[in-house]
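Only one structure is covered here, and it is reproduced in the block below.
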Amino acid sequence: AQSVAQPEDQVNVAEGNPLTVKCTYSVSGNPYLFWYVQYPNRGLQFLLKYITGDNLVKGSYGFEAEFNKSQTSFHLKKPSALVSDSALYFCAVRDPRRTGANNLFFGTGTRLTVIP
Amino acid sequence: DSGVTQTPKHLITATGQRVTLRCSPRSGDLSVYWYQQSLDQGLQFLIQYYNGEERAKGNILERFSAQQFPDLHSELNLSSLELGDSALYFCASSVSGRTGELFFGEGSRLTVL
């Protein structure tokens, strides 16, 4: 079965501190991995993706994510959190051997709150 | 701005009624996706169209249907509405159906009373 897990419903971090939002996946083969962010009353916005290559992927707004194949993880990170980073973050995984959106799986989301 | 336009932004209706949600994808995107977001079930994939044809189907109820028109806009029809259908309905688009980088609209919030 293909799935993605975000083990934390809520993450709180102080402004200026580093942040990590966790994501693990289970998919056979080499996955495509994504992070999206949803601000209040908005749609999801693409942040970054891992397809192949360097395990450290840099994305929008200073975010980055590290692909770890042995741990089947794709954690989202930022060195210094901003209050404006407070939002709902979704991890997603796709098996590239299969087409169709029913093979793009979203996690349940992690609400990040950055405390001033 | 993602370039994906959804209308209406808000909709309040009664149980048993039928509504239509509309989506215009980004210019050049051939693939349209519909998702439902509710508090208790997260983001649920409903259906995908590619260049006018159904490409993939997810957890879409039989009371719901969708189509993609020749100009690539899409409509999601929800009928015999129930209280549990209250949710945010998102449309997303992409150039193809392969990568997973989707561009989401801002959603249509449906409230069924």
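Labels below follow one simple rule: chain letters A, B, ... track the order of the sequence lines, proteins then strands, and each chain is numbered from 1. Values in this document were obtained by computation on a predicted structure and should not be read as measured data.
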Task: Donor-acceptor contact below 3.5 Å, side chain A/Y36 vs main chain B/F104 - done: no
Open item on the list: Is it the case that over 12 heavy atoms from other parts of the model lie below 6.0 angstrom from the CD atom of B/E53?
Closed with: no
Task: Flag if over 12 foreign heavy atoms under 6.0 Å of CZ, B/R22 - done: yes
- [ ] May I ask you to check whether A/F106 and B/Y35 place their ring centers less than 6.0 Å from one another?
- [x] yes
Can [Y] be reached from [X] by stepping across I, L, V, M, F, W or Y side chains whose heavy atoms are under 4.5 Å apart?
| X | Y | answer |
| --- | --- | --- |
| A/Y61 | A/L48 | yes |
| A/V21 | A/Y39 | yes |
| B/W34 | B/V112 | yes |
| B/V4 | A/L47 | no |
| B/L61 | B/L21 | yes |

Task: Nearest heavy atoms of A/R42 and B/F90, plus distance in Å - done: O-CZ, 3.7 Å
TODO: Would you name the heavy atoms of B/E101 and A/F34 that are closest together and state the gap between them?
DONE: N-CE2, 3.7 Å
- [ ] Carefully, step by step, assess B/K9 and A/N41 under the rule side chain to side chain contact (heavy atoms under 4.5 Å, CB included).
- [x] CA-CA 10 Å; B/K9 292 191 185 304; A/N41 302 312; over 6 Å; no
Open item on the list: Heavy-atom cut-off 4.5 Å, strictly under: side chain, backbone, both or neither for A/L33 against chain B?
Closed with: neither
TODO: Below 4.5 Å from any heavy atom of chain B, which atoms of A/Q45 appear? Answer side chain, backbone, both or neither.
DONE: neither
Task: 4.5 Å side-chain heavy-atom contact, A/L104 and B/Q48 - done: no
- [ ] Would you mind reporting whether A/L44 and B/L43 have side-chain heavy atoms less than 4.5 Å apart?
- [x] yes
- [ ] Side chain from CB out, backbone as N, CA, C, O: work out which of these in B/Q6 comes under 4.5 Å of a heavy atom of chain A, or both, or neither.
- [x] neither
